[in-house]
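Have a look at the structure below, then the notes.
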Amino acid sequence: MQDRILVLDFGGQYNLLIARRVREQHVYAKIRPYNSVSPDEIRAAGYRGVIFTGGPNSVTDPASPHCDPAILTLGVPILGICYGHQLLAWMAGGEIASAGSAGEYGRVELTHADSPLFDGIPAKSVCWMSHADYVKKAPEGFSLIAGTEHCPCAAMADEDRKLYGVQFHPEVTHTAFGTRLLHNFLFIICGCRGDWTMDDFVAASIERYRRELAGKRALCALSGGVDSAVAAVLLHRAIGDRLTCVFVDHGLLRKGEAEQVEQVFRDRFRMNLICVDARERFLSKLRGVTEPERKRKIIGEEFIRVFEDEAKRIGKTDVLVQGTIYPDVVESGAGNADVIKSHHNVGGLPETIGFESIVEPLRELFKDEVRAVGLELGIPKEIVMRQPFPGPGLAIRVVGEITEDKLAALREADAVFREEIAKAGLSNMPNQYFAVLTGSRSVGVMGDGRTYGWTVALRAVSTDDFMTADWTRLPYELLERASSRITNEVRSVSRVVYDITSKPPATVEWE
Ligand code: XMP
């Protein structure tokens, strides 16, 4: 059996990153809610180790999430992170207190003692802290193996029982030796071999769905994004023409996007593809709407309606294929198989259509793994490596009311920006980049005349996970070319600005 690590989820914001860091080291990480796995199950499943994640609560609060303390007696190594560290200390008989004004947030210098957990890590290094409580007294049998100026128990260990806790977050890149620390836990302490690979994923999935869906018909909503594209092509390889794909053009796509979907999936892969021109339907529902969340809701609901109408037209289909990936599964209920994600790309579950079952071939995979599968399936790089694009599309990039004119201007400006980034060979520099029609007008001068046109904002962000993001330092020359081309080529735009806000405090999208 391949090595498996259990990540017990206590609700922290970086939990997905923990699983990701583990899988990057070729060890399979399963995330489960803190109260969903019994000690017996952990033993029976043969997990090589357990990680308790961070979380927003205080372990001293009786309502805070606790797991069965018997987990500590299984003989399976445990690593507690942040809240998980405090919980481990609490369950083993230690003392937790509020740090008050001495709570630590951000980069802090860490000094460590000798321990397999810190193997190969310099005695002093930088770690990322974010805590209000702290371990005041480590439990009996535990020794302090690292500390910071304000946190004497920044890490503790009961080396005999292989129980470890760290107050900081090794999973975030700001912790200089975080990956090494996780590596030490996985390989030195848990004895993992790093034998988890994706090699036979494609072949095994095709074989599996060929068998499971014998004689059945399936429907898949293509969004134009990576996940649904990979899911659809994988299923097409398994069941061929019994799969029908539906692509809804809601009129909020980028320039050339609808055409590309038709060209790739219908012409190249020869898939059964239905393109629904729903532009008028969506735009009329959005007329006069200015509030971002309202826009999202309208689009989500209308998507379901359009999809339902198409499904009725197509006739009985047994199975709905969704491009749900692992982060979606975790976000919608930490691995609860009954929760089916409802996001804007696939429009939730149209229950009234009455599918026998849902097939989610990518639900175990992270984004980069999905991309690897896509390339293996021969999907063009432009789709597989595509930057994320929100389900509500340009609707949340036109600030305020959406009109055809604004959409047209934004589409052109966005295409110029993308083109200039590609020409400069920098497509891989920002993780996401786009133009925004800000909704504000300003005075300009063109030839001898005064203009009063839209202000377009260009946005480019660099990020690992989109939970935090830094604005990308694009070269001035590139920004200059984009600005000059946009103001020349897009009549209604008279000013271009570059967004230099990181997330937080701003979000990636403007709405
Ligand atoms: P924010 O703006 O929340 O964006 O910092 C983080 C990432 O999520 C994408 N995003 C969305 N994706 N539906 C989606 O499918 C949405 O409503 C939505 N809002 C934001 C955004 O493009 C970025 O990649």
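Atoms within each ligand, like the ligands themselves, are counted from 1 in listed order.
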Closest heavy-atom approach to atom 19 (N) of ligand 1 among Lys295, Arg296, Gln432 is made by Arg296
If you compare Val508, Thr468, Val461 by their heavy atoms, the one closest to atom 1 (P) of ligand 1 turns out to be Val508
I'd like a table of donor-acceptor pairs (distance under 3.5 Å, sequence neighbours excluded) in which one partner is a side-chain atom from residues 375-395, with atom names and distances.
| unit_1 | atom_1 | unit_2 | atom_2 | d |
| --- | --- | --- | --- | --- |
| Arg386 | NH1 | Gly224 | O | 2.4 |
| Arg386 | NH2 | Gln260 | OE1 | 2.6 |
| Gln387 | OE1 | Tyr433 | N | 2.7 |
| Gln387 | NE2 | Tyr433 | O | 3.1 |

Within 4.0 Å of some non-hydrogen atom of Lys503, the atoms of ligand 1 are 1 (P), 3 (O), 5 (O), 6 (C)
So the atoms of ligand 1 within less than 4.0 Å of a heavy atom of Phe466 turn out to be 24 (O)
How are the rings of Phe52 and Phe10 set to each other: parallel, tilted or perpendicular (split at 30° and 60°)? perpendicular
Interatomic distance, CD@Glu356 vs CZ@Arg217, rounded to 0.5 Å, equals 12.5 Å
One finds that the ligand 1 atoms under 4.0 Å from a non-hydrogen atom of Pro392 are 13 (N), 16 (C), 17 (O)
One should read off an interatomic distance between Glu262 CD and Phe247 CZ, to the nearest 0.5 angstrom, of 8.0 Å
Applied to residues 492-506, the salt bridge (charged side-chain N to carboxylate O under 4.0 Å, His left out) test, sequence neighbours excluded, yields Arg459-Asp499
Here the atoms of ligand 1 under 4.0 Å from any heavy atom belonging to Gly391 are 13 (N), 14 (C), 15 (O)
Decide side chain to side chain donor-acceptor pair (under 3.5 Å) for Asn431 and Thr463; before the verdict, give the C-alpha distance in whole Å, the side-chain angles of both, and the deciding distance to 0.1 Å. CA-CA 6 Å; Asn431 299 93; Thr463 171; 5.6 Å; no
**Asked** For ligand 1, is there an N or O atom under 3.5 Å from any N or O atom of Ile396?
**Response** no
At under 4.0 Å between heavy atoms, what of Pro390 touches ligand 1? The answer is both
